[in-house]
Amino acid sequence: MSSVRVRFAPSPTGFFHIGSARTALFNWLYARHTGGTFVLRIEDTDKERNSEQFLNVIYDSLTWLGLTWDEGPKVGGSFGPYRQSERADIYREFLAKLTAAGRTYEKDGAIWFKLLGERYEVFDDHRKKTVTKVRTAPSVIDDRIRGRVERVEDEDFVIFRSDGNPVFHFVNVVDDIAMQITHVIRGEDHLSNTSKHVELFKAFGAPVPQFAHIPLILKQNGPGKMSKRDQGALIEEYQRRGYIPEALVNFLSLLGWNPGDNREKMPIAEIVRLFDLPGVNQSNARFDDKKLAHMNMAYLLELPADAFVAKAREYFAGQTENAAARTALAADEAYFREVMLLSQPKIKGLEELPAYTVYFFTEEFPIDAKVRDKVLAKGEPKARLGELIEALPTIDFSTDTTVEDGLKQLIAAKGLGFGDYQAVARLALSGTNVGPSITGMMRVLGRDRVKARFERFLAS
RNA sequence: GUCCCCAUCGUCUAGCCCGGUCCAGGACACCACCCUUUCACGGUGAGAACCGGGGUUCGAAUCCCCGUGGGGACGCCA
C-alpha cells in the first residue's frame, strides 16, 4: 500500500448528485491507481441542514457505484471517527493550538482566524459594506491539474460559529491534517477556498497536501453548473431507472478525463490502470444524457444471459407502481427468462422492458390503433392470418429456427413473402409493430397462445 | 464589482506541454444508404470545430499578449 491518502468528504444536505459522484470517483480512481487509501468522511457540521436520510443516500449511491471506501463510516479505520459531528473534541484541541499561537480572536460571539499583515478598511461594492482587509502575501497553490495558481487571501474569516460549531474551512483542514490526507481532489468550485485552507495549514505548521481541482459538470441545458435540482442530476435516479452502475462509472470517468486514445468503453480495471491526475482536463464538461444512455445500452447488450435476467428481475421488482411489471414478475421463472433474453438485444435500457414485454404476460395488452389501421389497409391480412392458423399444427415450436422453417414452408406453398404474414401476425400477437423477432415471439408464447390470439384477432 | 479558472465539431474529446506528419482524428446526437422478418443492434457515408485580434516564427490549433465568451468564488453553507 502506498502512502497516498485521499478522501471524499460529502455533506448530507441533499441528494447525491452526478458532480459529487464524479468527485468521489476520481478520488477512488486515484487511490486505486496508486494503491493508496480512499477515505470517506462525512462533513455534517451544519446541524440545521443535515439528515440521516441523505446520509444513507450517500452510502447507498457509493456502494451501488462500486466506490468502496477503505476508511470511514461503517468500515472504521485508525483515524476515526469519520463523521465530523463526532469529532468536536479534536476541533477544540486544534482550536486551542491556533489560539495559543495568537491566530484567533472573538467577534460577535464567533471565533475568527487572524491573518498576518497590515490592516486597512475598504468599502466592498459587492457586499455593500466596509470591511477590514489585511495585506498578505499571495498563497501559492501548486495544483496537480491547474498548475501554479496564486490567490490572495486578505480577510479574516470565521472558524467557529457563535453557536459553538466549527465551520467547513476549519474542520476540512483539521481533518485533512489529522487523517494525514496527502492529496485533496475536489471540484473547481473549491479553488477559491484553497487560499483559506493553505493559510490554515501553515498556521498549524502542517504540510500542505497536494491539491487537484477537477473541472465542474455543467447542466445540459441552460447556464451554470449542474445542481441537485437539474434533470438527471441524481444518482439514485439512475439506480431507480435500472442503469448499469458500471456504465455510469465508465461515462463519468470520461467527463474530464480520457485514456489518451480513442477508447471509451473500458473495464474499470483498465480505467484504474490508466487514470492519473495530470490526465484530467481543465475545462468544464457539459452533461450529456444521450451519451450516457448509449453507454448503458452497450453494457446491457454484452451482459451474460444470467446477469441480464437477474438485472431485469431486479428492475421489475423495483417497479411496484407498474402493473405490467408486477404481472411479469408473477409469471413462471423460466418463461420470464425467455422473454427477457428475447428482448435483451432490442432495448436501450431496462426501463423499456415492462412496456416492451407486456403482451407476453397478459391477454389484456393494448392494441395500437394506428398500427392496426396501417396493417389492415394493406393486402389481405386477415386471409393471411387464416392461413397461418391452418399451418400452425404443422409448425415445430421447439426453436426459433424450426418456427422459421415452418413459416417458410407456408410462404413457399402460397408463393408469397415473409412480409405478408409478419406484420399481421405481430399485430395479432403483440398489438404493435415493434418487438423481438416474430419467430422468437411465437416460440416463447407457444402454439396454443399464438393460435388463440390469431383467432381472437380474426374475430375482432 | 473584485479575485480565480477555462476556451477544438451541437455535446464529450484527441492533438497543445516538446510549433511543421492536422485543408484537425474518435465518440454521442442528427441525416442518407446498406443489412433486415417489425423495431433495434451493426456497417458505410455525409454535414459539422481550432472564439476574435495582435505578436513571435520560414511556419501556430499548438508559444506570448489583449479582447470576448463561459464557469467558479466572494456566508457565522459545504
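Chain A is the first sequence line, chain B the second, and so forth, proteins listed ahead of strands; every chain is numbered from 1.
- Heavy atoms of A:His213 sit nowhere under 4.0 angstrom from any nucleic acid atom.
- Look at B:rC41: its glycosidic torsion is within 90° of 0, and that puts it in the syn range.
- Contact between the side-chain N/O atoms of A:Lys348 and the OP1/OP2 oxygens of B:rC41 is found at a separation under 4.0 Å.
- In this structure, CE of A:Met266 is placed 15 Å from P of B:rA27, rounded to the nearest angstrom.
- Within the 4.0 Å cut-off from OP1 or OP2 of B:rA14, at least one side-chain nitrogen or oxygen of A:Asn281 is found.
- Taking the side chain of A:Leu218 as heavy atoms from C-beta on, and the options B:rG71, B:rA78, B:rA29, the nearest nucleotide is B:rG71.
- Contact annotation for A:Leu254: backbone-only contact, meaning every heavy-atom pair under 4.0 Å involves sugar-phosphate atoms and none involves a base.
- For the C1' atoms, the distance linking B:rA48 with B:rG25 amounts to 14 Å, nearest Å.
- Contacts of A:Arg426 with the nucleic acid, taken as non-hydrogen atoms under 4.0 Å apart, include base atoms.
- The structure places OG1 of A:Thr439 at 9.5 Å from CD of A:Gln422, a figure rounded to the nearest 0.5 Å.
- The same atom, C1', is picked in B:rU8 and in B:rC4; the two are 24 Å apart, to the nearest Å.
- In a base pair of the Watson-Crick type (N1 to N3 plus N6-O4 or O6-N4) or a G-U wobble (N1-O2 and O6-N3), with each distance short of 3.5 Å, B:rA61 is matched with no nucleotide.
- Residue A:Leu416 holds its CG atom at 8.0 Å from CD1 of A:Ile411, rounded to the nearest 0.5 Å.
- A 3.5 Å limit on both hydrogen-bonding distances identifies no Watson-Crick or G-U partner for B:rA48.
- Contact check, A:Gln282 against B:rC6: a side-chain N or O comes under 4.0 Å of OP1 or OP2.
- Among the heavy atoms of the strands lying under 4.0 Å from A:Ser283 are primed sugar atoms or P, OP1, OP2 only; no base atom is included.
- Atom P of B:rA24 sits at a distance of 14 Å from the matching atom of B:rC9, rounded to the whole Å.
- Between A:Leu252 atom CG and B:rC12 atom P the separation is 14 Å, expressed in whole Å.
- When distances run from any side-chain atom of A:Glu188 to the nucleotides B:rC41, B:rA78, B:rC5, the shortest one goes to B:rC5.
- Comparing B:rC12, B:rC5, B:rC41 by their closest approach to the side chain of A:Met297 singles out B:rC41.
- Classification of A:Asp142 and A:Arg148 as a salt-bridged pair fails, no side-chain N sitting under 4.0 Å from a carboxylate O.
- Rounded to a whole angstrom, the distance from the P atom of B:rG54 to that of B:rA73 is 35 Å.
- In summary, the side chains of A:Asn193 and A:Arg186 do not present any donor paired with an acceptor at a separation below 3.5 Å, with no hydrogens or angles considered.
- Between the P atoms of B:rA46 and B:rC5, the separation comes to 42 Å (whole Å).
- Looking at heavy-atom distances under 4.0 Å, A:Asp124 makes no contact with the nucleic acid at all.
- Aromatic ring centroids of A:Phe170 and A:His197 lie 6.0 Å or more apart.
- For A:Thr45, the listed nucleotide lying nearest its side chain is B:rA78; candidates were B:rC5, B:rU38, B:rA78.
- For B:rC3, the paired base is B:rG72 (Watson-Crick or G-U wobble, both distances below 3.5 Å).
- Distance alone, capped at 3.5 Å, places no donor-acceptor pair between the A:Asp276 side chain and the A:Gly279 backbone.
- Residue A:Glu43 is classed as a sugar-phosphate contact, given heavy-atom separations below 4.0 Å to backbone atoms only.
- For A:Glu404, taking side-chain heavy atoms from C-beta onward, the closest of the listed nucleotides B:rA27, B:rU37, B:rA78 is B:rU37.
- Residue-level contact check: A:Gly435 touches the bases, meaning some heavy atom is under 4.0 Å from a base atom.
- Phosphate contact (OP1/OP2 of B:rC77, side-chain N/O of A:Thr13, threshold under 4.0 Å): absent.
- Rounded to an integer number of Å, the gap from CE of A:Met295 to C1' of B:rA29 is 15 Å.
- In this structure, A:His190 places its NE2 atom 9 Å from P of B:rA73, rounding to the nearest Å.
- Remark: the separation of the P atoms in B:rA60 and B:rC50 is 16 Å, to the nearest Å.
- Residue-level contact check: A:Pro436 touches the bases, meaning some heavy atom is under 4.0 Å from a base atom.
- Counting non-hydrogen atoms under 4.0 angstrom, A:Arg263 reaches nothing in the nucleic acid.
- A:Asn193 comes within contact range of at least one nucleobase, with a heavy-atom separation under 4.0 Å.
- Figure legend. B:rC9 is base-paired to no nucleotide; pairs are counted as Watson-Crick or G-U wobble with both atom distances under 3.5 Å.
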**Request:** I would like to know whether A:Asp44 and A:Ser85 meet side chain to side chain donor-acceptor pair (under 3.5 Å); could you show each step before the answer?
**Result:** CA-CA 6 Å; A:Asp44 54 352; A:Ser85 55; 2.8 Å; yes

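- B:rG42 and B:rG15: their C1' atoms are spaced 29 Å apart (whole Å).
- Distance, A:Leu200 CG to B:rA78 C1': 15 Å, rounded to whole Å.
- Using cut-offs of 30° and 60° for the angle between ring planes, the A:Tyr238 and A:Tyr243 rings count as perpendicular.
- As judged by a 4.0 angstrom heavy-atom cut-off over every strand, A:Ser162 is placed among the base-contacting residues.
- A salt bridge links A:Arg443 with A:Glu338; the closest basic N to acidic carboxylate O contact falls under 4.0 Å.
- Per the geometry, CZ belonging to A:Arg151 stands 10 Å off C1' belonging to B:rG72, to the nearest Å.
- Looking at heavy-atom distances under 4.0 Å, A:Gly256 makes contact with sugar-phosphate atoms alone, never a base.
- Residue A:Arg146 has no polar side-chain atom (N or O) positioned under 4.0 Å from OP1 or OP2 of B:rG72.
- Going from the P atom of B:rA27 to that of B:rG45 covers 10 Å, rounded to whole Å.
- Among the nucleotides B:rU37, B:rU11, B:rA78, the one closest to any side-chain atom of A:Arg161 is B:rA78.
- OP1 or OP2 of B:rA73 has at least one side-chain nitrogen or oxygen of A:Lys225 nearer than 4.0 Å.
- Heavy atoms of A:Leu301 sit under 4.0 angstrom from primed sugar atoms or phosphate atoms, though from no base atom.
- Mapping A:Gly224 and A:Thr439 onto RNA chain B via the closest heavy atom, the residue that lands nearer the 5' end is A:Thr439.
- When the P atom of B:rC12 is taken as reference, atom CD1 of A:Ile18 falls 15 Å away, rounded to whole Å.
- Judged by atom type and distance alone, A:Ser192 does not reach the base of B:rC3 through any side-chain donor-acceptor pair under 3.5 Å.
- A:Lys346 comes within 4.0 angstrom of a nucleotide base, judged by non-hydrogen atoms across all strands.
- Aromatic rings from A:Phe275 and A:Phe26 are positioned such that their centres are separated by under 6.0 Å.
- A straight line from CZ of A:Arg186 to P of B:rG71 spans 22 Å, rounded to a whole angstrom.
- Along RNA chain B, the nucleotide nearest to A:Asp189 and the one nearest to A:Ala110 differ in position, and the one closer to the 5' end is contacted by A:Asp189.
- In this structure, of B:rU37, B:rA27, B:rA14, it is B:rA14 that holds the atom nearest to the side chain of A:Asn258.
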